Amino acid sequence: MTVNRQQQRLVVLDMAGTTVADGGLVERAFERAAGHLGVEPGSADHAAKLQYVRDTMGESKISVFRHLFGTEDLARQANSAFESAYGELVDGGLVEPLPGAREAIEQLRADGRTVVLTTGFARVTQDAILDALGWRDLVELTLCPADAGGRGRPYPDMVLAAFLRTGAVDDVRQLVVAGDTAYDMLSGSRAGAGLVAGVLTGAHGREALLEHGATHVLGSVAELPALLEQS
């Protein structure tokens, strides 16, 4: 079966860095979470942990903290502190749509495609972002790792959950996945998506996106509707 662009009617989009600009809030919230657990700012340990956070952008945050802090209890403490700090920053008006993102989503839907927004954050944080942007009714479905059994990126679970829960397409090759991180690309390719688009508005550059499975690299998500309209 050959899949053409018109058949690719389920679009799974990342949030922070792809459709949402958060101005580095992930790093700021991590700073607070690390401080909560006694990681000294300016120390080598702090620098190493912050670099790991940068390298794993897109991954479920609880998974990141499990790696960084070693035990489930410490990971959950760090995650709770992170989500609380991020939520406060979001409530302070520090997130906004990336240029053209809302319009792209609206165009995709007008073209008859189903759009799903995904995140590595917990549901409470995802909802805070959606509320801050007024995006609660913008798409048919939003997913966080807990909605897909608990595993976030780079696992394919959220993409496959979108496939199963929407019933919008018959074949995973009719899936489109777009994101700004290497882990977004891995999750899309592992799910069997026919088109995996990296965007250059977030964490990782062209080389990393292509290396981890991008079939296309776009300047931003605003370019996606036109790409999908090509025959």
Side-chain angles (χ1 to χ4, degrees), residues 11-31 49-64 82-83 85-87 89-90 93-105 108 115-122 125-126 128-130 132-133 135 138-139 142-145 152-156 158-159 162 175-191 193 195-228:
V11 182
V12 181
L13 302 176
D14 172 51
M15 292 180 65
T18 302
T19 55
V20 179
D22 71 359
L25 297 194
V26 168
E27 292 189 17
R28 290 171 62 180
F30 167 76
E31 299 260 354
K49 285 179 165 58
L50 180 57
Q51 188 59 51
Y52 185 80
V53 169
R54 290 170 176 155
D55 292 342
T56 57
M57 285 291 188
E59 185 176 354
S60 167
K61 293 301 175 282
I62 185 65
S63 297
V64 172
F82 173 88
E83 299 285 356
Y86 196 96
L89 293 166
V90 168
L94 298 177
V95 295
E96 60 184 5
L98 278 162
R102 184 185 182 104
E103 293 81 1
I105 292 169
L108 290 167
V115 180
V116 178
L117 291 174
T118 64
T119 185
F121 295 130
T125 304
Q126 185 178 40
I129 296 169
L130 293 169
L133 299 177
W135 281 15
L138 183 60
V139 299
T142 63
L143 294 171
C144 68
R153 310 180 193 103
Y155 297 102
M158 285 194 291
V159 178
L175 277 161
V176 175
V177 174
D180 66 293
T181 71
Y183 280 7
D184 290 315
M185 303 302 94
L186 282 172
S187 68
S189 62
R190 288 173 176 178
L195 192 154
V196 181
V199 297
L200 299 175
T201 50
H204 296 151
R206 179 182 300 273
E207 184 175 337
L209 296 170
L210 289 169
E211 181 181 340
H212 290 86
T215 60
H216 299 73
V217 177
L218 307 176
S220 78
V221 74
E223 299 173 18
L224 186 59
L227 175 64
L228 295 179

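Starting from 1, each residue takes its place in the sequence as its number. Please read all numbers here as calculations on a predicted model, not as lab measurements.
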Atom pair CG/CE of L210 and M185 - distance to nearest 0.5 Å: 9.5 Å

Those residues that, when tested against S63, pass side-chain hydrogen bond (donor to acceptor under 3.5 Å, both in side chains) (two or more places apart): none

From CA spacing to verdict: side chain to side chain contact (heavy atoms under 4.5 Å, CB included), T118, D184: CA-CA 10 Å; T118 64; D184 290 315; 5.6 Å; no

Any residue meeting side-chain contact (heavy atoms from CB on, under 4.5 Å) with V64, in chain and number order, not counting sequence neighbours: Y52, V53, T56, E59, L68

Side chain to side chain contact (heavy atoms under 4.5 Å, CB included) evaluation trace for T119 with M158: CA-CA 9 Å; T119 185; M158 285 194 291; 5.8 Å; no

Contacts of R54 that satisfy side-chain hydrogen bond (donor to acceptor under 3.5 Å, both in side chains) - sequence neighbours left out: E27

Pairing residues for A222 by the side-chain contact (heavy atoms from CB on, under 4.5 Å) criterion, not counting sequence neighbours: S220

side-chain hydrogen bond (donor to acceptor under 3.5 Å, both in side chains) partners of Y183, counting only residues at least two apart: none

Pairs where residues 203-214 contributes a residue and the test side chain to side chain donor-acceptor pair (under 3.5 Å) is met, not counting sequence neighbours: none

Residues in salt bridge (charged side-chain N to carboxylate O under 4.0 Å, His left out) contact with D14, at least two apart in sequence or another chain: R153

Qualifying residues under side-chain hydrogen bond (donor to acceptor under 3.5 Å, both in side chains), relative to R102, sequence neighbours excluded: E106

side-chain contact (heavy atoms from CB on, under 4.5 Å) partners for A191, two or more places apart: P156, V159, L160

F30 vs K49 side-chain heavy atoms within contact, under 4.5 Å: yes

Test item: L130 and L138 side chains (from C-beta on) under 4.5 Å apart, heavy atoms: no

D180 side chain to T201 backbone, donor-acceptor under 3.5 Å: no

Validation row: L227, L195 side chains within 4.5 angstrom (heavy atoms): yes

Full working for side chain to side chain contact (heavy atoms under 4.5 Å, CB included) between V26 and F121: CA-CA 10 Å; V26 168; F121 295 130; 3.8 Å; yes

Test side-chain contact (heavy atoms from CB on, under 4.5 Å) applied to T19 - qualifying residues, sequence neighbours left out: L13, M15, A101, I105, L117, W135, V221

